[in-house]
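What follows is one structure encoded as structure tokens, with my remarks underneath.
Proteins get letters first, then strands, A, B, ... in listed order; numbering begins at 1 in each.
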Amino acid sequence: MRSPTSTEALVNSLLRNPLSIKSRSQAQQLHAQVLKFQASSLCNLSLLLSIYSHINLLHDSLRLFNTLHFPPALAWKSVIRCYTSHGLPHKSLGSFIGMLASGLYPDHNVFPSVLKACAMLMDLNLGESLHGYIIRVGLDFDLYTGNALMNMYSKLRFLKKSGRQRLGASQVLDEMTERTRSVRTASVLVGNQGRKVSDIEAFNYDVSCRSREFEAQVLEIDYKPRSEYREMEACNLGQQIKDISHSMSVDSVRKIFEMMPEKDLVSWNTIIAGNARNGLYGETLTMVREMGGANLKPDSFTLSSVLPLIAENVDISKGKEIHGCSIRQGLDAEVYVASSLIDMYAKCTRVVDSYRVFTLLTERDGISWNSIIAGCVQNGLFDEGLKFFRQMLMAKIKPKSYSFSSIMPACAHLTTLHLGKQLHGYITRNGFDENIFIASSLVDMYAKCGNIRTARQIFDRMRLRDMVSWTAMIMGCALHGHALDAIELFEQMKTEGIEPNYVAFMAVLTACSHAGLVDEAWKYFNSMTLDFGIAPGVEHYAAVSDLLGRAGRLEEAYDFICGMPIGPTGSVWATLLSACRVHKNVDMAEKVANRILEVDPKNTGAYILLANIYSAARRWKEAAKWRASLRRTGIRKTPACSWIEVRNKVYAFMAGDESHPCYEKIREAMEVLMELMEKEGYVPDTSEVHHDVEEEQKKYLVCSHSERLAIVFGIINTPAGTTIRVTKNLRVCTDCHTATKFISKIVGREIVVRDNSRFHHFKNGTCSCGDYW
DNA sequence: ATAGGGTTAG
């Protein structure tokens with residue numbers, strides 16, 4: 001026999017040190033060497049296989065595995081791990097069964113992968129059976145297996161849909177643990193020699209029963225495409241099932257943790273993350289503190305699990321504490337921690353602090369980019385969000401599903417349809433269409449950009465719809481004044497077993513309010529508390545009082561607001577005040593305005609509205625008085641602003657902004673139009689012009705409203721037949737509304753105006769809202 | 001064996 005060469009020795013040492021191999025080519029070189037030296041023993045090939053699986057090469061692993069006639073345990077375990085980390089839980093469990101079937105005994109380093117596969121399938125039953133099996137083979141005290149068990153339980157919940165009444169999982173496990181332990185202690189005490197044969201036989205029999213039980217369950221699992229599991233996960237983690245008895249799973253996690261004889265940092269991190277995922281705020285923070293007692297310092301895993309919970313609870317002081325902690329540990333520029341910090345600050349409306357963390361972050365990945373983008377968008381900084389989105393693309397980071405659902409609301413709010421469509425194209429090309437978050441945000445975007453039909457098409461094609469998808473569609477209909485569609489959808493949603501929440505009721509009430517459906521609104525308002533136990537919030541009261549007010553039932557609305565169990569806010573009263581303006585009821589307006597200033601002395605809207613009401617009644621002195629007191633408060637009202645998209649570019653207008661580069665051209669066109677309109681019978685309604693000035697001057701002021709400038713700009717800059725789409729950040733003014741009807745008729749074009757609450761479709765001299773808005 | 005980001009609301 002020849003002595004091994006140095007190369008052979010190297011090969012052997014490499015085979016026994018799998019962590020030193022880091023790339024596919026290294027692994028393949030080693031593979032070639034093994035074949036060259038005819039060292040392809042079963043043992044060496046299994047070692048190679050475990051190397052392939054450690055660097056996550058599923059195909060190479062499988063190719064090698066398939067050449068083995070009787071794969072040893074190491075080969076099976078490698079394949080199982082690889083399947084799991086590739087997100088193929090069925091395959092993983094199948095291989096596990098195959099391993100058992102070939103007579104091999106599972107050991108401590110196979111269960112983590114199998115448990116993870118159970119968690120992926122969201123199958124608690126299966127997980128519990130596996131747990132029973134693990135107890136039977138005596139591995140429940142193993143550190144790695146225990147950690148994986150905790151992880152599985154903390155990710156699984158009792159799904160409402162499974163319907164079956166279940167025994168408390170932890171009770172069953174308690175009993176089983178007790179029985180197993182007695183068998184085990186007995187055998188330790190007596191020693192293997194003295195152990196009664198019947199005991200061992202009984203034990204082995206029990207183990208094989210458990211493994212068959214588990215096997216039977218695996219075979220029963222119906223295979224679903226991967227995307228569907230992701231949807232299930234999305235639904236499971238969604239609000240609907242959030243509060244359904246996850247306590248049983250959490251109990252199991254705690255029991256395992258307490259029983260574990262040896263705990264390491266991973267064990268602590270796992271239970272902390274589990275508590276955090278299940279929303280146990282106090283408990284989670286306590287455990288982070290207790291870690292110190294066990295001589296363990298929080299690491300990046302700990303911090304990035306805790307921060308989302310702090311964000312959810314909007315606890316800025318705790319958040320800063322954790323930030324401080326991460327700085328002390330030198331973890332504040334670590335991607336995981338930093339992304340959570342960015343998100344936490346954003347959720348606490350401290351975007352400036354998010355920026356700071358983001359700037360300090362040197363290596364940004366898709367998630368850190370998305371955190372800052374979502375942070376901006378969620379705080380209404382749409383342009384900044386878009387800016388970061390573009391920067392991300394320039395940094396050569398490919399947008400993923402999260403990126404689209406984060407940025408889409410920005411397109412929706414800014415009405416930048418061209419951008420939304422562009423993103424939609426990218427989404428379709430990359431197969432993100434099925435994603436429920438993206439589809440919902442697309443429905444919302446198209447609806448908000450005026451394209452209600454496309455919104456409906458996308459909605460109808462969705463395979464799975466959750467409450468948010470329905471609400472987005474209902475709100476879209478409400479926005480366009482399609483109240484009956486909105487109501488029908490709302491009823492359909494309930495029929496499909498999806499419970500409406502706070503926002504869904506806002507949507508349906510808004511629909512009623514835009515169409516003047518008083519009775520329906522009452523019905524839904526009462527149903528909220530009676531049928532669903534949701535306490536109406538200010539928004540719901542606002543919708544109903546708005547409706548009563550518009551219908552001219554001012555007294556009724558007044559009493560309704562006075563009867564609110566939660567203190568009415570300025571905004572609720574404001575709906576009534578604007579109704580007073582529509583119905584020109586100065587007495588009521590005075591009464592309401594005083595109530596507003598009682599609860600909200602800084603409500604500038606009230607000053608302006610009241611001043612306008614006085615102006616309309618030609619009571620100039622009082623109007624001037626209110627305007628003066630507004631000036632004294634030193635608060636500036638939100639400036640009115642309108643914008644329009646022409647040839648993929650957005651043009652913004654402020655009222656009477658004569659410095660606008662297009663101002664002169666617009667002015668000229670406006671004069672021509674005004675002449676034509678007056679011939680058609682248009683009389684400028686200057687009653688709300690708040691200054692006591694000449695009639696000509698008033699007419700001029702009315703004509704320089706931002707929405708009118710935007711509309712005229714659109715007419716002169718687009719070819720005949722194009723629909724003009726204008727967005728305004730506040731409400732469309734009464735006179736502009738009348739004027740736009742005339743304009744639509746004269747120029748023979750459709751004009752769509754979206755203001756802060758709804759869409760107005762002007763066509764042939766009429767408006768879709770029937771002048772009820 | 002453990003970790004971070006997403007859709008509806010005037």
What integer distance in Å separates [X]:[atom1] from [N]:[atom2]?
X: A:Trp470; N: B:dT7; atom1: CH2; atom2: C1'; value: 16 Å
X: A:Glu334; N: B:dA3; atom1: CD; atom2: P; value: 14 Å
X: A:His424; N: B:dT7; atom1: NE2; atom2: P; value: 18 Å
X: A:Asp433; N: B:dT7; atom1: CG; atom2: C1'; value: 15 Å
X: A:Glu312; N: B:dG4; atom1: CD; atom2: C1'; value: 14 Å
X: A:Asp142; N: B:dA1; atom1: CG; atom2: C1'; value: 10 Å
X: A:Met392; N: B:dG6; atom1: CE; atom2: P; value: 14 Å
X: A:Trp268; N: B:dA3; atom1: CH2; atom2: P; value: 18 Å

Which is true for [X] with a 4.0 Å heavy-atom rule: it touches a base, it touches only sugar-phosphate, or it touches nothing?
X: A:Asn109; answer: nothing
X: A:Lys116; answer: sugar-phosphate
X: A:Ser405; answer: base
X: A:Ile438; answer: base
X: A:Ser371; answer: sugar-phosphate
X: A:Val335; answer: base

**Q.** salt bridge (Lys or Arg N to Asp or Glu O under 4.0 Å) between A:Arg754 and A:Glu707, intermediate numbers included
**A.** CA-CA 10 Å; A:Arg754 174 186 160 199; A:Glu707 59 267 52; over 6 Å; no

Among [options], find the nucleotide with the atom closest to the side chain of [X].
X: A:Val503; options: B:dA1, B:dT8, B:dG6; value: B:dT8
X: A:Asn147; options: B:dA1, B:dG4, B:dA9; value: B:dA1
X: A:Val468; options: B:dG5, B:dT7, B:dG10; value: B:dT7
X: A:Ser406; options: B:dG6, B:dT8, B:dG4; value: B:dG6
X: A:Ala374; options: B:dT2, B:dG6, B:dA9; value: B:dG6
X: A:Ser401; options: B:dG6, B:dG4, B:dT2; value: B:dG6
X: A:Asn370; options: B:dG5, B:dT7, B:dT2; value: B:dG5
X: A:Thr510; options: B:dT7, B:dG4, B:dG10; value: B:dG10

Q) Planes under 30° and centres closer than 5.5 Å, is that true for A:Phe301 with the base of B:dT2? A) yes

Below 4.0 Å: OP1/OP2 of [N] and any side-chain N or O of [X]:
X: A:Asn151; N: B:dT2; result: yes
X: A:Arg277; N: B:dA3; result: yes
X: A:Lys263; N: B:dA1; result: no
X: A:Lys155; N: B:dA1; result: no
X: A:Gln378; N: B:dG5; result: no

Q: Would you kindly check whether a donor in the side chain of A:Ser305 faces an acceptor in the base of B:dA3, or vice versa, at under 3.5 angstrom?
A: no

**Q.** Base of B:dG4 paired with side chain of A:Asp365 (donor-acceptor, under 3.5 Å)
**A.** yes

Q | Point-to-point distance, once rounded to the nearest 0.5 Å, from CD1 of A:Ile373 to CZ of A:Phe404 | A | 10.5 Å

(Q) Does A:Tyr281 form a side-chain contact (heavy atoms from CB on, under 4.5 Å) with A:Leu309? I'd like the steps, not just the answer. (A) CA-CA 7 Å; A:Tyr281 194 44; A:Leu309 186 61; 3.6 Å; yes

Could you tell me whether [X] and [Y] have a side-chain N and a carboxylate O separated by less than 4.0 Å?
X: A:Lys494; Y: A:Glu491; result: yes
X: A:Lys255; Y: A:Glu258; result: no
X: A:Glu434; Y: A:Arg463; result: yes
X: A:Lys77; Y: A:Asp107; result: yes

